Amino acid sequence: MLPVERSSAGAGQHTGQRTLVIFGASGDLSSRLLLPGLGSLLAGPRATSVRIIGTGRSPLAPDEWTGRVRSAFESHGEIGQVAADTLATTEYVAGDPTDVEHLRALLELAGPAPVLYFSLPPAVTTAIVEKLRELELPEGTELAFEKPFGTDAESAAALNQLVGSLVPEENVHRVDHFLGRTAVLNLIGLRFANRLFEPVWNAEHIESIEIVYDETLGLEGRAQYYDNAGALVDMIQSHLLLVLALLAMDAPATMDAVEVRSEMARALRSTHLYRGSAIEAGRRARYAAGIADDRVVPSYADEAGVDAERGTETLAEVTVEVDTNRWAGVPFTLRSGKALGVARKEIVVKFKPLRHLPSGLNGARDGETLRIGLNPGELSLSVPALGVDGPYTMGQVFLDATLPSSSVLPYGEVLSGILRGDPLLSVRGDVAERCWEIVEPVLAAWRAGEVPLDEYDAGSAGPATWK
Ligand code: NDP
């Protein structure tokens with residue numbers, strides 16, 4: 001029997017070896033993100049022994065599977081002893097994941113308290129979860145789900161109910177790797193562990209907040225997924241709303257999953273479209289041919305696998321407000337797009353200018369601006385100062401810092417929590433539903449054609465008409 005220990009914190013956390021069963025192990029996510037993330041965790045100081053069982057319909061020979069895991073681990077650098085031990089014990093079991101007998105055999109092979117990670121198309125995951133109800137899951141079984149979790153609030157709620165019939169909520173991990181990014185985790189320290197920002201982190205002092213994740217990459221052959229999702233669902237509905245939750249939430253009593261996730265949920269429950277208008281709160285656009293990142297990018301509508309008539313947006317912007325005493329009236333603008341000229345990935349917190357300046361001081365009265373880089377993790381605070389263009393003239397000076405980086409990749413960070421049975425970095429069920437609820441009116445307005453689909457040249461900053 002594998003050792004399964006409960007922490008003194010009583011959170012049902014595991015410290016012994018766990019078995020990670022990866023469904024869809026032959027797929028893109030598994031080899032490009034999940035296994036490299038795990039490799040980075042196993043190479044680092046928090047490495048703990050893991051047994052990996054990969055499964056899928058593809059018939060992979062043992063050497064082929066081990067070779068895939070090894071190259072995923074090596075993609076992040078040298079592998080150490082724990083990763084080598086993991087490679088020595090990993091196995092692949094071919095089979096149809098929706099066949100209940102295959103699932104039974106997998107559970108027997110995995111032993112006590114397995115982690116079942118669904119790296120599969122969402123419909124297949126749902127089919128497997130249905131089948132798992134026919135089996136008795138070992139106590140302590142952890143279930144990990146990839147995004148998207150549902151396709152709208154209703155389907156997310158139905159999936160939550162289904163999953164809740166199998167295991168308790170604290171054993172459910174809705175994965176969003178943004179929560180494993182060092183720069184995102186650093187928001188907690190930046191806000192709650194220093195005296196400078198938290199006292200002014202409110203509508204009294206802050207004019208606006210932007211959360212931007214612009215990419216220079218175009219579609220990169222992902223039409224099958226992306227053309228059905230679009231920028232709003234791909235980025236804003238999940239990743240950027242969670243970043244907003246960390247920016248807007250009140251201080252948790254402790255850094256445990258119950259407290260932190262409750263505060264994040266509370267912030268999102270108060271989040272609504274800015275001024276309540278689904279038509280005015282969002283803008284959308286699609287790229288035309290151009291040159292981005294020195295590469296010729298064809299028009300999105302001409303990309304292989306795209307149905308141009310569907311009108312999928314490749315750039316989305318939604319403005320929301322967090323209707324609390326702390327934030328009422330402050331616009332939070334969330335934006336993400338593809339094939340843009342600059343890979344701008346940052347949070348921009350714009351402080352209000354002071355109400356009064358002594359007469360005799362010249363120049364702009366701009367307030368401070370704090371830029372928090374999401375990738376790479378850089379911090380830049382511009383502060384008003386005198387003497388930039390003369391002794392009594394206002395200007396801005398910059399205080400810049402690079403945030404510490406981690407050798408553990410975001411997927412490794414998230415997996416670290418899942419393997420320990422700690423849902424701190426997993427999206428809670430009600431939050432998954434709430435994130436859909438926030439954006440659904442915008443999606444409905446876009447689908448009904450109530451908001452124009454603007455156009456921008458690949459490699460530009462976005463549509464010329466957008467300020
Ligand atoms: P894939 O489309 O590559 O599918 C993963 C594996 O699922 C396939 O290799 C296949 O394995 C199995 N599979 C596919 N269709 C079926 C089916 N009808 N029945 C049974 N098994 C099937 O997906 P990804 O790896 O790209 O993504 C996995 C999950 O992660 C998805 O939910 C996706 O939304 C999410 N995700 C993906 C990201 C990415 O960059 N790829 C990023 C973020 C989230 P086999 O044929 O061996 O059974």
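Computed from a predicted model, the values in this text were never measured in an experiment. Read the numbers this way: they start at 1 and go in the same order the structure lists the ligands and their atoms.
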Got a donor-acceptor contact below 3.5 angstrom from the Thr312 side chain to the Ala308 backbone? no
What atoms of ligand 1 come within less than 4.0 Å of a heavy atom belonging to Ser58? 45 (P), 46 (O), 47 (O)
For atom 5 (C) of ligand 1, what's the nearest protein heavy atom and its distance? Ser119 O, 3.5 Å
Ala123 near ligand 1 by a heavy-atom separation under 4.0 Å: no
Glu440/Arg447 salt bridge by N-O under 4.0 Å criterion: no
Please state whether Arg32 comes within less than 4.0 angstrom of ligand 1, counting heavy atoms only. yes
Which residue and non-hydrogen atom of the protein lie closest to atom 6 (C) of ligand 1, and at what distance in Å? Gly24 CA, 3.7 Å
Kindly confirm or rule out a cation-pi arrangement of Arg181 over Phe178, judged by NZ or CZ under 6.0 Å from the six-membered ring centre and within 45° of its axis? yes
Do Pro376 and Thr402 have side chains that approach each other closer than 4.5 Å (heavy atoms only, starting at C-beta)? no
Can you list the ligand 1 atoms lying under 4.0 Å from a non-hydrogen atom of Pro122? 32 (O)
Could you check atom 3 (O) of ligand 1 against the protein and tell me its nearest heavy-atom contact, residue, atom and distance included? Asp28 N, 3.4 Å
Please report whether atom 47 (O) of ligand 1 has a protein non-hydrogen atom at a separation of less than 4.0 Å. yes
Side-chain heavy atoms of Lys147 within contact of Asp234, under 4.5 Å: yes
Taking 4.0 angstrom as the limit and counting only heavy atoms of Pro121, give me the atoms of ligand 1 inside it, by number and element. 4 (O), 7 (O), 13 (N), 14 (C), 15 (N)
Between Glu134 and Lys131, does any side-chain N to carboxylate O distance fall below 4.0 Å? no
Between Glu378 and Lys345, is there a salt bridge with N-O shorter than 4.0 Å? no
Among Lys147, Arg57, Glu146, which one puts a heavy atom closest to atom 34 (O) of ligand 1? Lys147
Given the rule in the side chain to side chain contact (heavy atoms under 4.5 Å, CB included) test, do Leu217 and Asp293 qualify, once you have shown the distances and angles that lead to the verdict? CA-CA 8 Å; Leu217 289 177; Asp293 221 4; 5.6 Å; no
Can you list the atoms of ligand 1 that are under 4.0 Å from a heavy atom of Pro148? 34 (O)
Just which atoms of ligand 1 are under 4.0 Å from any heavy atom in Gly27? 3 (O), 5 (C), 9 (O), 25 (O)
Option set Leu120, Val124, Val175, criterion heavy-atom distance to atom 18 (N) of ligand 1, minimum: Val124
The test is ring-ring contact (aromatic ring centres under 6.0 Å, His included); show your working for Phe332 and Trp327 and say whether it passes. CA-CA 10 Å; Phe332 286 71; Trp327 290 117; 5.2 Å; yes
Would you mind finding which of Thr98, Leu29, Ile22, Asp176 brings a heavy atom closest to atom 24 (P) of ligand 1? Leu29
The atoms of ligand 1 lying under 4.0 Å from a heavy atom of Gly56, numbered in the order shown, are 47 (O), 48 (O)
Run the salt-bridge test on Glu220 and Arg295 with the 4.0 Å N-O cut-off and return the result as yes or no. yes
Atom 8 (C) of ligand 1: which protein heavy atom is closest, and how many Å away? Ser26 OG, 3.9 Å
